[in-house]
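Below you'll find the structure, written out as structure tokens, and then a few comments.
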Amino acid sequence: MMAGLSLGRAFRQIGSLTAVSRIMGFVRDVAFAAFLGAGAAADAFLVALKLPNMFRRLSAEGAMTNAFLPNYAAIRETHGQVAALKLAAEAQIFLILGLSVLVIIAEIFMADLILLLAPGFANTPDRLAAATDLARITMPYLPLISIVALWAAIANAHDHFKAGAAAPIIANICFIAGAVSIPFVARHLGVLRAIPIAVALVIAGGAQLIFLYWTLSRLDAVPALIWPRLSDSGRKMWRNFLPAAAGAGGMQLNLLIDLILASLLPVGAISWLYYADRVAQLPLGVIGIALGTALLPRLSAAEAAGQTAEVRNSLSEALGFAGFFVIPAATGLVLCGLPIIEGLFVYGAFTSSDAKMAAMALAAYGCGLPGFVIVKILQTAFYATSQPGMVLKISLITVAINVAGSLSLMPILGHVGLALATAISGTVAAAIMLYFLARQHRLSASFLPVCGKIMLASAVMGAAIVSLQFGLDRLVFVPAAFGLTVIVGGGGAVYAVTAYVIGAIPPGLLRTRHDRNT
């Protein structure tokens with residue numbers, strides 16, 4: 001039962017909705033910057049937000065999905081949907097029970113957890129107290145969003161990618177509403193003025209849950225609520241889950257290391273890294289996560305059917321798609337980080353000085369963007385072939401590289417050193433994955449010629465960007481948002497035309513007549 005949608009069409013479905021979500025996310029972050037700035041209140045909220053997000057990626061969005069979906073696809077291929085939904089019901093009940101216990105424990109020991117995440121907060125009691133209170137509000141988001149991630153994986157297995165990609169849009173709408181309400185309901189709360197956003201996070205989790213339930217109801221694929229039990233299929237899934245969770249833990253540990261070390265830097269460092277990361281997450285989300293989401297059910301079905309050639313072709317096609325977007329995106333982030341940050345975030349409490357600090361981190365993240373995206377794409381191949389242990393080993397290597405790089409570069413480059421170490425570790429992880437998949441004959445080099453042409457088109461675009469920036473700098477006064485529009489629009493137009501002329505557009509990326517007729 002191979003996936004019915006072509007990779008290009010699935011990517012367009014997920015990528016378009018993810019792009020809308022990321023644009024909404026930028027609106028959200030503009031609201032964050034305007035009402036929270038980059039000081040103590042922002043640092044406290046971002047640490048509080050980190051806790052449920054970290055556990056979410058460990059338990060559901062990463063590890064659970066990657067362990068669950070290949071098994072679900074294999075059972076659906078061989079035994080039908082009813083048997084597959086029994087596995088989903090088992091996973092669901094263990095998620096609910098396990099994460100509910102985790103939330104209770106976290107609520108009790110929250111102050112200690114915050115100190116583990118941000119030991120530098122011990123020197124600023126107001127940030128520590130605010131982060132503790134805010135994290136107690138946000139922690140119930142964890143079980144809600146984890147079930148949402150599981151249900152989105154079920155929808156993806158049924159070739160219904162739109163629901164999972166659209167769910168974050170709901171969250172961003174709630175976030176924006178919470179941020180906009182800060183001046184009206186939290187003006188006298190000081191470092192606790194992020195409370196409306198924390199409450200909005202929990203409301204968002206409930207709204208996403210309702211939306212995914214409605215989606216699965218239409219597909220007749222809602223998992224039943226059952227007593228805890230463990231079938232043979234469930235045991236196999238949980239055996240894959242443990243190394244998958246550990247592998248995801250390695251990636252989260254990298255982020256945690258950055259957070260811990262950033263808390264030891266001057267106030268604002270956590271926020272500078274956050275805003276830079278949010279910009280870098282746009283191409284990573286639209287391209288890497290979208291392609292990974294489209295690939296996992298496709299590769300799982302191909303592996304279940306023993307079609308190794310299909311795996312090889314799909315991975316090569318995905319890398320070609322990714323290169324078309326990621327290489328110019330990385331070029332743009334490195335060359336015009338400051339105009340991007342100024343155009344998006346310099347409003348209200350977020351100052352030009354904050355923009356300069358965030359822009360330096362953004363350039364560092366941009367250097368690692370191709371590696372981050374490749375990892376997101378290629379790790380699906382390891383999960384589809386029941387090799388989560390390989391992802392774990394690679395994650396441990398990248399953690400070691402990140403720790404060594406962070407400790408070496410932070411004394412010299414400050415918060416930029418943390419971003420650069422993360423970029424280096426992601427690039428190394430991508431290189432290792434490429435090597436092992438090529439050795440397993442699951443990856444061909446067919447994507448390299450088109451990537452060479454993409455690099456040439458990106459170089460032409462880079463020259464255009466530098467010229468546009470030089471021209472704008474000569475003008476007396478240009479609003480930051482207008483300058484950003486000119487740079488992005490002009491650079492994008494030059495890239496698109498050049499790519500078309502030299503044949504750098506990957507086959508299958510554009511909408512075909514077959515796609516229009518299906």
Side-chain angles (χ1 to χ4, degrees), residues 22 57 62 66 247-258 273 276-293 295 315-335 337 360-383 390-406 408-409 413 416-439 442-443 445 447-448 450-452 454-455 458-459 462 506:
R22 297 291 170 164
R57 293 189 177 105
N66 290 327
M251 298 173 192
Q252 294 307 304
L253 188 56
N254 277 337
L255 299 175
L256 182 58
I257 290 166
D258 289 351
L273 287 171
D277 178 66
R278 293 307 304 164
V279 176
Q281 286 291 326
L282 175 62
L284 178 60
V286 175
I287 304 159
I289 296 175
L291 279 170
T293 301
L295 269 175
L315 284 175
S316 296
E317 185 180 17
L319 289 172
F321 289 178
F324 183 75
F325 295 101
V326 170
I327 294 173
T331 303
L333 295 184
V334 172
L335 291 179
M360 290 188 288
L362 178 58
Y365 282 135
C367 293
L369 181 61
F372 299 148
V373 172
I374 290 173
V375 167
K376 283 292 183 184
I377 293 171
L378 296 187
Q379 70 181 7
T380 59
F382 292 103
Y383 289 122
M390 182 63 71
V391 179
L392 171 58
K393 293 175 184 177
I394 296 172
S395 295
L396 294 177
I397 293 172
T398 59
V399 168
I401 293 172
N402 189 47
V403 171
S406 295
S408 300
L409 296 173
L413 300 174
V416 180
L418 300 180
L420 188 57
T422 302
I424 293 170
S425 67
T427 302
V428 172
I432 295 173
M433 287 185 175
L434 286 166
Y435 171 75
F436 278 107
L437 285 173
R439 278 190 59 182
R442 286 188 164 85
L443 183 66
F447 65 93
L448 291 178
V450 72
C451 283
I454 290 168
M455 293 176 69
S458 298

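The CD1 atom of Ile377 lies 7.0 Å from the CG atom of Leu295; values are rounded to the nearest 0.5 Å. Of the inter-residue distances, the one linking Ser395 atom OG with Asn402 atom CG reads 11.5 Å to the nearest 0.5 angstrom. In this structure, Ile432 CD1 and Met390 CE are separated by 10.0 Å, a value rounded to the nearest 0.5 Å. Going from atom CG of Leu448 over to atom CE of Met455 covers 10.5 Å, rounded to the nearest 0.5 Å.
Put simply, the side chain of Ile374 does not reach to within 4.5 Å of the side chain of Met433, judged on heavy atoms. Between Leu437 and Phe382 the shortest side-chain heavy-atom distance falls below 4.5 Å. Taking 4.5 Å as the limit, some side-chain heavy atom of Val334 sits within range of a side-chain heavy atom of Cys367. For the pair Leu434/Leu319, a side-chain contact is recorded, criterion being any heavy-atom separation below 4.5 Å from C-beta on. With contacts defined as side-chain heavy-atom distances shorter than 4.5 Å, the pair Ile327/Pro370 does not qualify.
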Starting from the C-alpha separation in whole Å, work towards a yes-or-no answer on side-chain contact (heavy atoms from CB on, under 4.5 Å) for Leu443 and Phe436.
-> CA-CA 9 Å; Leu443 183 66; Phe436 278 107; over 6 Å; no

After noting the C-alpha distance and the side-chain angles of Thr422 and Leu418, does the key distance pass the side-chain contact (heavy atoms from CB on, under 4.5 Å) rule?
-> CA-CA 6 Å; Thr422 302; Leu418 300 180; 5.6 Å; no

Output, in order, the C-alpha distance, side-chain angles, deciding distance and verdict of side-chain contact (heavy atoms from CB on, under 4.5 Å) for Phe372 and Val326.
-> CA-CA 10 Å; Phe372 299 148; Val326 170; over 6 Å; no

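Phe447 and Gly320 get closest at one heavy-atom pair: CB-N, 4.0 Å. In this structure, Ala318 and Leu291 approach most closely via the heavy-atom pair O-CD1, 3.4 Å. Nearest approach of Phe325 to Ile287, heavy atoms of both residues: CB-CD1, 3.0 Å. Residues Gly462 and Thr331 approach most closely at CA-CG2, 4.1 Å, considering heavy atoms. Minimum interatomic distance between Ala381 and Leu315 (heavy atoms only, all atoms of both residues): CB-CD1, 3.7 Å. When all heavy atoms are compared, the tightest approach of Ala430 to Leu378 is O-CD1, 4.5 Å.
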